[in-house]
There are 2 protein chains.
Amino acid sequence: MINTNDFFDALSDETRRRLLALLVGDDELCVCELCYALDLPQPKVSRHLAVMRESGVLSVRREGLWIYYRIHSLLPAWAYRILDQMGQGCAALAIFQADRKRLKEMPNRPVRCCA
Amino acid sequence: MINTNDFFDALSDETRRRLLALLVGDDELCVCELCYALDLPQPKVSRHLAVMRESGVLSVRREGLWIYYRIHSLLPAWAYRILDQMGQGCAALAIFQADRKRLKEMPNRPVRCCA
DNA sequence: TGACTATATCTGTATTGGCGTATATAGTCG
DNA sequence: CGACTATATACGCCAATACAGATATAGTCA
C-alpha cells in the first residue's frame with residue numbers, strides 16, 4: 001500500500017505532474033514516448049519515473065527493449081481521484097497541452113504487440 | 001487566480017497537509033488553534049501558513065488579536081476537490097486523527113464574535 | 001560475438017526548503 | 001504610555017533534491 005507522503009511527493013514536481021497527466025489519459029506509455037512528449041533529456045525523465053515507481057505510484061512492464069509505465073492499479077480511490085482532478089486542472093495549461101500535442105505527433109511510436 | 005505550481009507546493013509538505021486537512025473540515029481556525037492542534041511551535045506553523053497565504057491557497061481575516069485562516073474561496077473547482085480528497089485520504093492516518101482530537105479538546109478556544 | 005537501441009544509474013554541484021531560535025510587529029487593556 | 005498577547009518575520013544552518021553529463025545495464029539483431 002502506498003505511503004501518503006510518497007504520493008504527494010510525486011505531485012510536488014512539475015516534471016512529474018506532466019508525466020502523470022499524460023499517463024492518466026493514456027493508460028501506458030514507454031520512456032521514449034514520454035521523453036519525446038516532454039522534450040526533456042532521457043536521464044531526467046528516467047529519474048523522475050524511478051522516484052514514482054519506487055514509491056508505488058507507477059508500475060512497469062517490459063516489452064522487448066521498451067519499458068512501459070502506467071499509473072499503479074492498486075492506488076486507493078482517493079488517490080486516483082486526485083490524479084484525475086490534477087489532470088483536469090492542468091489541462092488548461094500551455095505546457096501540458098504542448099506535451100499532448102508532441103506525443104500525438106511523435107513519429108515512429110513503438111507498437112505494443114501484446115499489451 | 002492561483003498558480004498550479006503553488007497549489008501543489010502547498011500539498012507537498014506534511015505539516016501543510018495537516019493544516020489544510022483541519023481547515024477543510026472547520027471553515028476557519030486561528031493560528032493558536034492550529035498550533036495547539038498540531039502541537040508544533042508557533043513560528044513553524046506561522047511560516048507554513050504564510051507560504052499558503054502568499055500563494056493564494058489560504059485567506060485571512062483578523063479579529064482583534066486573532067488571525068483566522070481559511071481555505072481561499074476563489075480556488076478553482078478541481079483544487080477544492082483535490083483538497084477534499086486529500087482530507088479523505090488522510091483521515092485514516094493516526095497523525096491527522098490526533099490533530100482533530102487535540103483541537104476538539106483544546107481549552108479556552110477563542111470565541112468568534114462576528115464571524 | 002559485436003553493434004545498436006532503450007533505459008537506468010552514478011557523480012558532483014547547485015539550489016531549494018525546512019528548521020530552531022531570536023526578534024519584530026500589531027492589537028488590547030490598564 | 002507600558003505590559004501583555006497573538007502572530008509574523010529574520011537569520012543561520014543543514015538536509016533533501018533536482019540537475020547535467022557521463023557511464024552502465026539489458027535486450028535485440030546481424
Side-chain angles (χ1 to χ4, degrees), chain A residues 3 5-20 23 28-55 57-70 103 106-114, chain B residues 3 5-20 23 28-55 57-70 95 106-114:
Chain A
N3 176 287
N5 291 328
D6 289 341
F7 176 74
F8 286 102
D9 185 65
L11 294 177
S12 72
D13 179 273
E14 178 163 64
T15 302
R16 289 195 287 269
R17 288 196 296 277
R18 290 167 68 191
L19 293 167
L20 288 168
L23 290 168
E28 78 170 4
L29 292 168
C30 75
V31 181
C32 59
E33 289 173 316
L34 293 166
C35 289
Y36 189 92
L38 269 60
D39 191 25
L40 288 176
Q42 175 267 325
K44 174 164 172 170
V45 170
S46 212
R47 261 180 292 106
H48 283 293
L49 290 170
V51 168
M52 297 192 279
R53 166 172 36 89
E54 285 159 14
S55 66
V57 175
L58 298 181
S59 61
V60 175
R61 171 177 85 88
R62 177 184 276 276
E63 181 178 315
L65 232 36
W66 294 271
I67 299 203
Y68 289 93
Y69 280 85
R70 64 170 65 212
L103 177 59
M106 176 178 177
N108 303 345
R109 285 178 67 175
V111 192
R112 288 111 184 110
C113 69
C114 48
Chain B
N3 176 288
N5 290 329
D6 290 342
F7 177 74
F8 286 103
D9 185 64
L11 294 176
S12 73
D13 178 273
E14 177 163 64
T15 301
R16 290 196 286 269
R17 288 195 297 276
R18 290 167 68 191
L19 293 167
L20 288 168
L23 289 168
E28 78 171 3
L29 292 167
C30 75
V31 181
C32 60
E33 289 173 316
L34 293 166
C35 289
Y36 189 92
L38 270 61
D39 192 24
L40 288 175
Q42 176 267 323
K44 172 164 172 170
V45 170
S46 213
R47 262 182 290 111
H48 283 293
L49 290 170
V51 169
M52 296 192 279
R53 165 171 38 88
E54 285 159 14
S55 67
V57 175
L58 298 182
S59 60
V60 174
R61 171 178 83 87
R62 176 184 277 278
E63 181 177 314
L65 232 36
W66 294 271
I67 298 202
Y68 289 92
Y69 281 86
R70 65 170 64 211
I95 299 186
M106 176 178 177
N108 303 343
R109 286 177 68 174
V111 192
R112 288 112 184 111
C113 70
C114 47

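A, B, ... follow the sequence lines: proteins, then strands. Residue 1 opens every chain. Remember, predicted model here, so these are calculated numbers, not experimental data.
- Within 4.0 Å of A:Pro43, counting heavy atoms only, lies at least one base atom of the nucleic acid.
- Nucleotides of DNA chain D nearest to B:Cys30 and A:Val51 differ in position, and the one nearer the 5' end is that of B:Cys30.
- Side-chain proximity of A:Leu65 to D:dA6, D:dA18, D:dT28: nearest is D:dT28.
- Remark: the backbone N or O of A:Pro110 is paired with a side-chain donor or acceptor of A:Arg112 at under 3.5 angstrom.
- Taking atom CG of residue B:Leu40 and atom C1' of nucleotide C:dG18, one finds them 12 Å apart after rounding to whole Å.
- Residues B:Leu58 and B:Tyr69 come closest through the heavy atom pair CD1-CD2, 3.9 Å.
- Contact annotation: A:Arg53 side-chain N/O to C:dT9 OP1/OP2 distance is under 4.0 Å.
- Counting atom types as modelled, B:Gln42 pairs a side-chain N or O with a base atom of D:dA8 as donor and acceptor under 3.5 Å.
- Place A:Arg62 and A:Lys44 on DNA chain D by their nearest nucleotides, and A:Lys44 ends up nearer the 5' end.
- Here the side chain of B:Ser46 pairs no donor or acceptor atom with the backbone of B:Pro43 at under 3.5 angstrom.
- Rounding to whole angstrom units, CG of residue B:Asp13 and P of C:dT16 are separated by 17 Å.
- Going from atom CG of B:Asp9 over to atom C1' of C:dT16 covers 10 Å, rounded to whole Å.
- Atom-to-atom, CE of A:Met52 to C1' of D:dT17 comes out at 15 Å; the value is rounded to the nearest Å.
- Among D:dA22, C:dC19, D:dA6, the nucleotide with an atom closest to any side-chain atom of B:Trp66 is D:dA6.
- Taking each heavy atom of A:Asp9 and A:Arg16 in turn, the nearest pair found is O-NH2, 3.1 Å.
- Note: CG (B:Leu58) to P (D:dT7) measures 15 Å, nearest angstrom.
- At the phosphate of D:dA8, OP1 or OP2 sits under 4.0 Å from a side-chain N or O atom of B:Tyr69.
- In this structure, A:Asn108 atom CG and C:dA6 atom C1' are separated by 15 Å, rounded to whole Å.
- Residue A:Tyr68 places none of its side-chain N or O atoms closer than 4.0 Å to OP1 or OP2 of C:dA6.
- Distances from the side chain of B:Ser46 to the nucleotides C:dT9, D:dT9, C:dG20 place D:dT9 closest.
- Counting only distance, with no hydrogens or angles, the side chain of A:Arg18 and the backbone of A:Leu38 share a donor-acceptor pair below 3.5 Å.
- For A:Val31, the listed nucleotide lying nearest its side chain is C:dA8; candidates were D:dA8, C:dA8, C:dA26.
- When atom types are taken as modelled, the side chain of B:Arg17 and the backbone of B:Leu11 share a donor-acceptor pair closer than 3.5 angstrom.
- Between A:Arg47 atom CZ and D:dA16 atom C1' the separation is 14 Å, expressed in whole Å.
- Whole-Å rounding puts the A:Arg61 CZ to C:dT7 P distance at 12 Å.
- Note on B:Arg16: a side-chain N or O is less than 4.0 Å away from OP1 or OP2 of C:dG18.
- At D:dC19, one or more side-chain N or O atoms of A:His48 fall inside 4.0 Å of OP1 or OP2 (strictly under the cut-off).
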